[in-house]
Amino acid sequence: MSKELPKTYNPKETEEKIYKTWEESGFFTPENLPDKREASFSVSIPPPNATGTLHLGHSLEYSLQDAVVRYHRMKGDLTLWLPGTDHAAIATNTKVEKKLIKETGKNRHAIGREAFVKEVEDFVAESRGVMQKQIRQIGASVDWSREAFTMDDKRSLAVKTAFKKMYDAGLIYKDYKVINWDPKGQTSVSDDEVEHRPEKGMLYTFKYSSDFPIEISTTRPETKVGDTAVAIHPDDKRYKQYIGKEFKNIEFAGTKLNIKIIADENIDPEFGTGAVGVTPAHSLVDADIAQRHSLPMVQVINEYAKMTEEAGTLVSGKKTKEAREIIVTWLKENKLLSGEENIDLNISIADRSGGIIEPLPKLQWFVAVNKKFKIKESKIKGIESNSETTLKEIMKKSVENGQIEIMPGRFNKTYFHWINNLRDWNISRQLWYGHRIPVWYKGDETLCDINHPEGSGWEQDPDTLDTWFSSALWTFSTLGWPDKNAPDLKKFHPTSFMNPGYEIIFFWVARMILASGFLLGEVPFKKVYLHGILRDSKGRKFSKSLDNGIDPIEIIDHYGADALRMSLIIGIGPGNDANFDTNKVRGYQHFANKLWNIARFVLLNVTEKPNLNASLKDKDQTKLEEQKELIKDITNDMEEYRYYIAAEKIYHYIWHILADEIIEDSKTDLSSKDLETKESAQRMLLELLMNSLKILHPFMPFVTEEIYSKLPNKNKILLIVEKWPVN
RNA sequence: GGGCGCAUAGCUCAGUUGGUUAGAGCGUCUGUUUUACACACAGAAGGUCCUAGGUUCGAGUCCUAGUGCGCCCACCA
């Protein structure tokens with residue numbers, strides 16, 4: 001070799017150049033891959049939110065996915081890794097509105113829907129550029145020619161088509177129901193977007209009036225002006241005599257209540273007084289009771305968490321918190337309050353805005369998960385074509401029968417538990433950024449269609465869709481669906497591997513299974529490898545308030561992308577949280593340098609034209625065979641998705657076997673005057689190094705590719721398309 | 001209230017189906033310019049694998065109970 005390698009490996013000089021070489025080679029696109037490839041292997045990237053820059057959690061995700069993808073590419077599969085971004089309606093809407101207020105002092109209403117959406121689109125375009133650059137820097141071998149966005153034209157068509165198909169099947173319906181309302185974000189949210197936070201509260205026990213026979217308990221006295229019933233357990237002897245009685249025009253805190261006494265199995269006679277004041281409009285549980293007993297619904301709280309006129313003269317127009325105090329005072333003054341007790345309770349919070357959820361009755365769109373429909377074509381085991389099924393059953397069977405394997409297996413339980421308790425999915429949001437609901441109204445007419453209906457006077461539903469509705473279609477909306485004959489769809493769906501965080505198993509994984517099952521009659525992916533949360537070195541979550549965020553680009557600048565990737569794979573098993581420590585990254589930076597110097601040593605010891613067919617001495621042959629055995633073992637680990645173990649074994653082999661033992665031992669042979677001895681040693685080292693580069697490449701693609709380019713025994717243009725050494 | 005996870009070297013964590021002297025990174029100590037690498041090499045110290053029982057020829061690994069952390073789900077009003 002003519003040129004001397006520098007003493008130390010410099011990732012900064014190498015990485016950008018190498019990534020460019022890969023992109024220009026076209027090998028990220030499966031159609032351009034060399035050799036005949038039968039089996040396809042496809043991965044959809046979990047699309048990062050278009051809200052801004054990527055964090056280390058993304059690096060974790062891409063490090064593993066890229067390793068998986070590169071392994072399969074080398075194995076000879078027709079390999080596709082499809083990139084893209086998610087418009088993240090609620091998150092982006094919030095972020096841009098905040099920015100707008102900060103910069104101009106105007107909120108979205110002040111500038112209007114059209115101008116606001118434009119504002120968001122500009123922001124998103126900019127963010128996406130940053131994110132694309134970051135994905136390149138980590139070395140992700142994604143097919144940029146297929147890049148997708150959940151709001152682009154193709155995905156919009158998919159969303160509208162999916163909506164219409166579900167609407168036509170009767171699985172999407174509009175209804176006036178009690179939903180989770182976020183007064184801060186001014187939108188409804190689904191059950192999954194509600195978080196619970198423990199808080200100290202007060203349990204008040206009282207009667208509506210002095211001549212009302214039953215005491216009730218509540219933590220929310222302000223809602224009691226909306227009560228229409230008192231529920232008791234049917235077997236409760238204390239109250240049995242009152243069942244069915246109605247008390248009309250009870251004077252209560254500035255309003256008049258009509259209370260019916262009803263019996264319901266779900267009431268716990270042991271709790272409180274054993275009697276519940278039923279508030280159908282402001283409790284999801286009470287709304288269920290109300291429905292069972294056909295109780296009237298009185299809305300006493302509005303969208304701004306203030307009391308309505310219906311709430312009566314005493315509290316009308318007040319905030320809920322003030323109303324509570326007023327009513328408690330009124331109860332005390334009228335000697336109706338018999339108990340106040342400190343109690344631990346959970347309050348509901350909207351996960352995005354942090355607003356306190358107020359259950360409200362509202363006209364919203366829902367996906368019916370328990371409603372039966374006839375599935376035309378099903379490849380899901382346990383669900384026959386042309387049979388009746390439900391979305392819930394699709395979600396259940398797809399996993400139950402093993403067509404989808406979730407790793408680690410313990411999450412199966414979580415998944416099934418969620419499905420069993422699942423209620424209809426509220427998919428409408430009162431936001432401006434997102435896919436607009438493809439339904440139009442004209443007078444009494446309602447029309448669901450992909451395009452604006454012909455004729456004038458049609459007005460589109462103002463609501464937008466839950467962002468997860470479009471994400472649910474991701475594995476196939478990116479492959480040409482709704483064109484059922486799209487070549488990509490045929491070749492690459494179901495996808496092979498999906499690598500999301502466990503925190504979105506409900507939001508996303510379950511919804512993808514639902515959507516793919518209904519629309520395609522098949523599963524969206526075969527393997528779900530869940531990853532955990534990456535925390536800081538002290539085990540704390542990364543958060544803005546702690547200001548402990550680490551920019552992956554800084555780490556890459558300092559230690560190299562290979563080192564970062566390695567540190568995010570080794571020792572991090574599926575579904576486990578991990579702490580991020582720069583010391584670990586530094587360790588693998590040293591490893592990259594070690595490999596570099598192994599290559600230097602080997603290249604220093606081979607002639608310009610080494611004899612690649614030199615006959616091998618027995619001991620050298622043995623070294624090759626031992627390495628083969630190790631590679632078999634590693635390959636087995638990778639087939640079983642134990643990348644976190646495989647990478648460590650490779651590390652150990654290269655450093656402590658190849659460098660510490662084999663190279664050390666070879667030094668005498670390399671300086672031998674016997675040509676055969678010398679050439680045998682040279683050949684052995686070249687082959688061991690070559691194989692080491694191949695097996696390490698999925699994990700540390702840059703440094704291995706760079707070294708590969710300098711080796712005399714390469715037989716491909718680039719390492720990325722080299723053949724995996726065993727099969 | 002239901003479900004799940006974790007507890008292994010000073011620190012952060014691996015340990016696949018139970019099988020020889022329990023591993024990695026970082027840290028500590030002692031040496032060493034040696035055909036590459038001081039981002040290195042040679043060597044060393046450091047572990048009752050949370051506790052107590054049990055199964056087994058054999059347990060960090062399986063079972064039971066307990067202790068301490070952590071997570072998820074759930075509107076006991």
Side-chain angles (χ1 to χ4, degrees), chain A residues 4-9 178 180 191-192 194-196 201 203-205 216-220 223-224 230-231 266-268 270-279 282-289 343-348 357 359 408 410-414 416-418 420-421 502-503 505-506 532-533 535 537-539 559 563 566-567 570-573 575-605 633 636-637 640-642 644-649 651-652 655-656 659-660 663-664 666-668 670-671:
Chain A
E4 275 277 305
L5 299 185
K7 239 174 146 175
T8 334
Y9 171 62
V178 176
N180 307 300
D191 294 344
D192 298 287
V194 178
E195 280 175 358
H196 302 280
L203 184 69
Y204 302 92
T205 302
I216 59 165
S217 297
T218 184
T219 53
R220 298 198 63 191
T223 63
K224 297 291 100 181
V230 165
N266 292 344
I267 306 301
D268 176 7
E270 304 295 318
F271 187 87
T273 63
V276 181
V278 182
T279 323
H282 301 289
S283 156
L284 263 55
V285 170
D286 290 8
D288 284 347
I289 297 176
I343 192 174
D344 292 318
L345 51 85
N346 285 314
I347 57 164
S348 302
I357 293 292
R410 65 184 136 94
F411 281 96
N412 280 305
K413 227 171 178 170
T414 317
F416 289 126
H417 179 261
W418 180 81
N420 287 332
N421 294 301
Y502 62 70
E503 74 277 9
I505 184 167
F506 309 135
I533 294 165
R535 300 165 181 278
S537 61
K538 292 173 189 144
Y559 303 99
M566 204 62 171
S567 78
I570 289 186
I572 303 179
N576 291 342
D577 291 352
N579 294 357
F580 182 80
D581 190 347
T582 48
N583 282 329
K584 191 173 173 189
V585 187
R586 185 149 48 87
Y588 296 115
Q589 178 198 20
H590 295 176
F591 177 56
N593 190 60
K594 185 73 186 180
L595 181 68
W596 183 255
N597 276 288
I598 290 169
R600 273 184 82 205
F601 177 84
V602 173
L603 289 172
L604 279 172
N605 279 286
D633 182 42
N636 184 44
D637 282 331
E640 303 292 325
Y641 287 92
R642 291 190 296 265
Y644 61 109
I645 292 174
E648 189 167 354
K649 285 179 181 166
Y651 171 94
H652 186 265
W655 198 314
H656 299 297
D660 291 352
I663 285 186
E664 287 309 316
S666 74
K667 285 178 180 173
T668 44
L670 289 169
S671 59

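Every value quoted in this text rests on a predicted model; they were computed, and no experiment measured them. Chain letters run A, B, ... following the sequence lines, proteins first, then strands; residues in each count from 1.
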Participant: Side-chain donor or acceptor of A:D581 under 3.5 Å from a matching atom on the base of B:U12?
Facilitator: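 Counting by modelled atom types and ignoring angles, no donor-acceptor contact under 3.5 Å is found here.
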Participant: Select from A:H417 and A:A659 the residue whose nearest nucleotide in RNA chain B is closer to the 5' end of that strand.
Facilitator: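 Counting from the 5' end, the first nearest nucleotide belongs to A:A659.
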Participant: Reckon A:I347 touches a base, only the sugar-phosphate, or nothing at all at heavy-atom distances under 4.0 Å?
Facilitator: nothing
Participant: Taking B:G19 as the reference, what is the distance to B:G15 when you measure between their C1' atoms (whole Å, please)?
Facilitator: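 Going atom to atom, C1' in each nucleotide, I get 14 Å.
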Participant: Between A:Y588 and A:Y651, is the ring centroid distance below 6.0 Å?
Facilitator: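 Yes - the distance between ring centres of A:Y588 and A:Y651 falls below the 6.0 Å cut-off.
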Participant: Side-chain N or O of A:Y644 less than 4.0 angstrom from OP1 or OP2 on B:G15?
Facilitator: yes
Participant: Taking the side chain of A:T8 as heavy atoms from C-beta outward, which of B:A36, B:C39, B:C73 is closest to it?
Facilitator: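 Of all the options, the side chain of A:T8 is nearest to B:C39.
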Participant: A:D660 near the nucleic acid: base, sugar-phosphate alone, or nothing, with a heavy-atom cut-off under 4.0 Å?
Facilitator: sugar-phosphate
Participant: Kindly point out which of B:C75, B:C26, B:U35 is positioned nearest to the side chain of A:V285?
Facilitator: B:C75
Participant: Verify side chain to side chain contact (heavy atoms under 4.5 Å, CB included) between A:T582 and A:Y559, making sure each step is shown before the conclusion.
Facilitator: CA-CA 9 Å; A:T582 48; A:Y559 303 99; 3.8 Å; yes
Participant: Among B:C76, B:C72, B:U35, which nucleotide sits nearest the side chain of A:D268?
Facilitator: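 Side chain of A:D268 sits closest to B:C76.
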Participant: Taking atom P in both B:G60 and B:U67, what distance in whole Å separates the two?
Facilitator: 24 Å
Participant: How close do A:P359 and A:L284 get, heavy atom to heavy atom, and via which atoms?
Facilitator: CB-CD1, 4.0 Å
Participant: Please report the distance separating the C1' of B:U55 from the corresponding atom of B:C62, rounded so that it comes out in whole Å.
Facilitator: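 That atom pair is separated by 8 Å.
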Participant: Give a yes/no answer on whether the side chain of A:H196 brings an N or O atom under 4.0 Å of OP1 or OP2 in B:C75.
Facilitator: yes
Participant: Using atom C1' in both nucleotides, what's the gap between B:U21 and B:G54 to the nearest angstrom?
Facilitator: 27 Å
Participant: In whole Å, I'd like the distance from the CZ atom of A:R586 to the P atom of B:C37.
Facilitator: 21 Å
Participant: Does A:Y651 reach a base, just sugar-phosphate, or nothing at all? Heavy atoms under 4.0 Å.
Facilitator: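 A:Y651: backbone/sugar contact only, no base atoms under 4.0 Å.
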Participant: What residues form a side chain to side chain contact (heavy atoms under 4.5 Å, CB included) with A:F411, not counting sequence neighbours?
Facilitator: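 Per chain and number, A:F411 pairs via side chain to side chain contact (heavy atoms under 4.5 Å, CB included) with A:I406, A:P408, A:T414, A:Y502, A:I505, A:L530.
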Participant: Just how far, in rounded Å, is P of B:A42 from CD1 of A:I663?
Facilitator: 12 Å
Participant: Among B:G25, B:A77, B:A36, which is the nearest nucleotide to the side chain of A:K667?
Facilitator: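 Looking only at heavy atoms from C-beta outward on A:K667, the closest nucleotide is B:A36.
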Participant: By nearest heavy atom, map A:E270 and A:D633 onto RNA chain B; which one lands nearer the 5' end?
Facilitator: A:D633
Participant: Per the atom types in the model, does the base of B:C37 pair as donor or acceptor with the side chain of A:K594 at under 3.5 Å?
Facilitator: yes
Participant: Are A:N576 and B:A14 close enough that a side-chain N or O sits under 4.0 Å from OP1 or OP2?
Facilitator: yes
Participant: For the pair made of NZ in A:K584 and P in B:C26, what is the distance, rounded to whole Å?
Facilitator: 12 Å
Participant: What integer number of Å spans the C1' atoms of B:U17 and B:C13?
Facilitator: 22 Å
Participant: Can you check the distance between B:U64 and B:G10, where both ends of the measurement are the C1' atom (answer in whole Å)?
Facilitator: 34 Å
Participant: Do A:E664 side-chain and B:A42 base share a donor-acceptor contact under 3.5 Å?
Facilitator: no
Participant: Looking at the side chain of A:F271, which of B:A77, B:G27, B:A24 is the nearest nucleotide?
Facilitator: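 The answer is B:A77, which lies nearest to the side chain.
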Participant: Would you say A:H590 reaches B:A40's phosphate, i.e. side-chain N/O to OP1/OP2 under 4.0 Å?
Facilitator: yes
Participant: Out of B:C26, B:A24, B:G5, which nucleotide sits closest to the side chain of A:R410?
Facilitator: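 Ranking B:C26, B:A24, B:G5 by closest atom to the A:R410 side chain puts B:G5 first.
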Participant: Using the C1' atom as the point on both nucleotides, what is the distance between B:G23 and B:U16, in whole Å?
Facilitator: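 The same atom, C1', in both gives a distance of 15 Å.
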Participant: Does a side-chain N or O from A:K413 land closer than 4.0 Å to OP1 or OP2 of B:G3, or not?
Facilitator: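 Checking A:K413 against B:G3: no side-chain N or O falls below 4.0 Å of OP1 or OP2.
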Participant: Give one of base, sugar-phosphate or nothing for A:Q589, where a contact means two heavy atoms less than 4.0 Å apart.
Facilitator: base
Participant: With a non-hydrogen cut-off below 4.0 angstrom, is A:S348 in contact with a base, only sugar-phosphate, or nothing?
Facilitator: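 Nothing, no heavy atom under 4.0 Å.
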Participant: Please work out the stems of RNA chain B from pairs that are Watson-Crick or G-U wobble with both distances under 3.5 Å, keeping only runs of three or more consecutive pairs.
Facilitator: B:1-7 with B:67-73, B:10-13 with B:23-26, B:28-32 with B:40-44, B:50-54 with B:62-66
Participant: Checking contacts here: which listed nucleotide (B:G15, B:A24, B:C26) is nearest the side-chain heavy atoms of A:E648?
Facilitator: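 Of the candidates, B:A24 comes closest.
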Participant: Looking at A:W655, I'd like to know whether one of its side-chain N or O atoms comes within less than 4.0 Å of OP1 or OP2 on B:A40.
Facilitator: no
Participant: When you get a sec, tell me which of B:A42, B:U35, B:A77 is the closest nucleotide to the side chain of A:S671?
Facilitator: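 For A:S671, the side-chain atoms sit closest to B:U35.
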Participant: Indicate yes or no: at least one non-hydrogen side-chain atom of A:I289 is less than 4.5 angstrom from one of A:N266.
Facilitator: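 Heavy-atom side-chain distance check fails, nothing below 4.5 Å.
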Participant: For a quick check of understanding: with a heavy-atom distance under 4.0 Å over all strands, which category does A:I267 fall into, base, sugar-phosphate or nothing?
Facilitator: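 Base contact.
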Participant: Going by atom types only, do A:H417 and A:N421 share a side-chain donor-acceptor pair under 3.5 Å?
Facilitator: yes
Participant: Send over the distance from A:I505 CD1 to B:C4 P, rounded to a whole Å.
Facilitator: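 A:I505 atom CD1 is separated from B:C4 atom P by 14 Å.
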Participant: Could you tell me how far B:G2 sits from B:G27 if I compare only their C1' atoms? Round to whole Å.
Facilitator: 43 Å
Participant: So does A:N579 get a side-chain nitrogen or oxygen closer than 4.0 Å to the phosphate oxygens (OP1/OP2) of B:C13?
Facilitator: yes
